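Working notes, structure below.
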Amino acid sequence: MAVRKRPWQNVTGDLIGCVMHARFYSSKVDFNKLRPMILKRIESRAKDYPVRGMVPVAQEVLRARAALYQGVSTLLNVFPVMTCKFCPEVYIGEKGHLIQTCCGYKRRAKNRVHEWISGGLNDILVPVETFHLQNMFQDVIKHQQRFDFDRVPAVVELCWQAGANPYDEDMCSSNWNSENVSAAIEGAESLSPHELKLIANRTLRAWEILRTGVQKLLLVYSAKVCKYCSEVHVGPSGHKARLCGVFKYESWRGAHFWEKAEVDDLVPPKLVWKRRPQDPLVLVDAHRDFYGHAPAVVDLCTQAGIIAPTKYHCMMKVQGLSGPAQLKV
């Protein structure tokens, strides 16, 4: 009587046969000989940059950034902005809201009412800085070299690598020169409502041009952001400066974990609670599910009387209810 083999026995025999007849190859590549070829390829690749077709886009981004800083600085002299003392929460209005979303500071209790203080320009336009590279394909910045390179705004560095000159007078950013800021906001309190509306419209248009232009540049030029913190590096590879505070006590001693950066990483939208005409004067925590959000720049511009673009209406809940009382009606 023949012994019947089970299917798993055939599979096991085949695997053992494959392992026994497998050949293991050892790599005998001399990387010291390949290094000159790799460096030569990197140098030849650098000749293709900056891309000529993207230079006008970079110049437009710098002009939009300068107009954005000038417009926001002017509007801040007319419309008050409040920021929390213990967390990054921002609210545009004379009084802060009562929504309990304060994340606290160190050992403070979480989800409590914010303690509001007067805000400024950096609360609306969050500064994002990066190392300035002399060459797009230069050597990776090491930890001991972190003080040898200047820190510049990430958007400016991106436009710099794209071929634009940030020192051009026509594209000079108001964030680099404090005199330009003071000149932009001089006499803002005496502006008429019509003039404020024009400034807000120009500021909102600059905001949209800036984000659209950065998105186009990121399709051609590489930018990295840390997976665990907000550090941004504009270039084909991230730096090796150990600045990540999340893991500074771990074995890798604060090394960043890089991934591809998006528009929000270079130009943070800074979402705030949006008070609509049907809402009460002070937003309360009980009705927080009925309120909407908006980017801080968009909310600031709408304070001057302009209408936000349609793509923000869903986020702002423009036609939404102000509370559960309207549900019964």
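As the structure is a computational prediction, the values presented were derived from the model and not from experiment.
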Inset, instruction - Drop me the distance from K85's NZ to C102's SG, to the nearest 0.5 angstrom. - result: 11.5 Å
Legend entry - Partners passing side-chain hydrogen bond (donor to acceptor under 3.5 Å, both in side chains) against D264 (at least two apart in sequence or in another chain): R211
Inset, instruction - Using a cut-off of 6.0 Å, state whether more than 12 heavy atoms not belonging to Q144 lie near its atom CD. - result: yes
Inset, instruction - Would you give the length of the straight line joining atom CG of L75 to atom CD1 of I124, rounded to the nearest 0.5 angstrom? - result: 10.0 Å
Inset, instruction - Count the heavy atoms of every other residue, nucleotide or ligand shown that sit under 6.0 Å from CD of E94, and state whether that count exceeds 12. - result: no
Legend entry - 4.5 Å side-chain heavy-atom contact, L271 and M315: yes
Legend entry - Trace of the salt bridge (Lys or Arg N to Asp or Glu O under 4.0 Å) decision for R151 with E231: CA-CA 12 Å; R151 300 280 290 184; E231 178 70 13; 3.1 Å; yes
Legend entry - Full working for side chain to side chain contact (heavy atoms under 4.5 Å, CB included) between V113 and D285: CA-CA 9 Å; V113 179; D285 185 69; over 6 Å; no
Inset, instruction - In plain terms, say whether R112 and E89 are close enough for a salt bridge, that is, a side-chain N and a carboxylate O under 4.0 Å apart. - result: no
Inset, instruction - To the nearest 0.5 Å, tell me how far D123 CG sits from Y91 OH. - result: 15.5 Å
Legend entry - Nearest-0.5 Å distance, CG of residue L196 to CD of residue Q303: 11.5 Å
Legend entry - For P166 against V156, the heavy-atom pair lying closest together: CB-CG1, 3.8 Å
Inset, instruction - Using the side chain to side chain contact (heavy atoms under 4.5 Å, CB included) rule, take R276 and Y291 through it: C-alpha gap first, then chi angles, then the decisive distance, then the call. - result: CA-CA 8 Å; R276 304 160 300 178; Y291 305 143; 4.1 Å; yes
Inset, instruction - Decide yes or no for V297 and L68: does some side-chain heavy atom of the first lie under 4.5 Å from some side-chain heavy atom of the second? - result: yes
Inset, instruction - Locate the shortest heavy-atom distance separating G71 from T203; write the atom from each residue and the value. - result: CA-OG1, 3.2 Å
Inset, instruction - Treating Ile, Leu, Val, Met, Phe, Trp and Tyr as nodes and any side-chain heavy-atom pair under 4.5 angstrom as an edge, say whether F79 and V90 lie in one connected cluster. - result: yes
Legend entry - Note, C244 side chain near F257 side chain (heavy atom, < 4.5 Å): no
Legend entry - Note, V272 side chain near L300 side chain (heavy atom, < 4.5 Å): no
Inset, instruction - Grab the two heavy atoms, one from A304 and one from A200, that are nearest each other, plus how far apart they are. - result: CB-CB, 3.6 Å
Legend entry - Atom of Y312, atom of P295 and distance for their closest heavy-atom approach: CE2-CG, 3.7 Å
Legend entry - Inter-residue atom distance R242.CZ - K240.NZ, 0.5 Å rounding: 11.0 Å
Inset, instruction - Mark yes or no for whether R275, through its side chain, and V282, through its backbone, hold a donor-acceptor pair below 3.5 Å. - result: no
Inset, instruction - Drop me the distance from R288's CZ to L283's CG, to the nearest 0.5 angstrom. - result: 11.5 Å
Inset, instruction - Keeping the roles fixed (side chain from H233, backbone from C226), state whether a donor-acceptor pair exists under 3.5 Å. - result: no
Legend entry - Minimum side-chain heavy-atom gap P88-C103 below 4.5 Å: yes
Inset, instruction - Answer yes or no: is there a donor N or O on one side and an acceptor on the other, between the side chain of T130 and the main chain of A154, under 3.5 Å? - result: no
Inset, instruction - Using a cut-off of 6.0 Å, state whether more than 12 heavy atoms not belonging to Q100 lie near its atom CD. - result: yes
Legend entry - Parallel, tilted or perpendicular: rings of W273 and H97 (30°, 60°): perpendicular
Legend entry - More than 12 heavy atoms of other groups within 6.0 Å of K270 NZ: yes
Inset, instruction - Classify the angle between the aromatic ring planes of F290 and H287 as parallel (below 30°), tilted (30 to 60°) or perpendicular (above 60°). - result: perpendicular
Legend entry - K197 atom NZ: more than 12 heavy-atom contacts under 6.0 Å: no
Legend entry - Greater than 12 external heavy atoms within 6.0 Å of I307's CD1: no
Legend entry - Beyond-backbone contact of R65 with P153, side-chain heavy atoms, under 4.5 angstrom: yes
Legend entry - SB check E60 K216 (cutoff 4.0 Å): no
Inset, instruction - Determine the minimum heavy-atom distance between L158 and L217, stating which atoms define it. - result: CD2-CB, 3.8 Å
Inset, instruction - Return yes if some donor-acceptor pair links the side-chain N/O of T212 with the main-chain N/O of I209 below 3.5 Å, else return no. - result: no
Legend entry - Nearest non-hydrogen partners of A261 and L218, listed with the distance: O-CD1, 4.0 Å
Inset, instruction - Find out if a path of hydrophobic residues (ILVMFWY) with successive side-chain heavy-atom gaps under 4.5 Å connects L210 to L121. - result: yes
Legend entry - Stepwise side chain to side chain contact (heavy atoms under 4.5 Å, CB included) test for L219 and M54: CA-CA 10 Å; L219 295 176; M54 301 303 295; over 6 Å; no
Legend entry - Verify same cluster id: V51, V234 (apolar side-chain graph, 4.5 Å): yes
Legend entry - side chain to side chain contact (heavy atoms under 4.5 Å, CB included) between D265 and V128, worked out: CA-CA 8 Å; D265 299 319; V128 179; over 6 Å; no
Inset, instruction - Report whether L62 and Y167 are members of the same hydrophobic cluster (ILVMFWY, side-chain heavy atoms less than 4.5 Å apart, transitive linking). - result: yes
Inset, instruction - Would you check if L204 and P309 make a side-chain contact, meaning some heavy-atom pair closer than 4.5 Å? - result: yes
Inset, instruction - State whether a side-chain donor-acceptor pair under 3.5 Å links H239 with Q145. - result: no
Inset, instruction - Decide whether W258 and L266 are clustered together by the hydrophobic rule: side chain heavy atoms of Ile, Leu, Val, Met, Phe, Trp, Tyr closer than 4.5 Å, transitively. - result: no
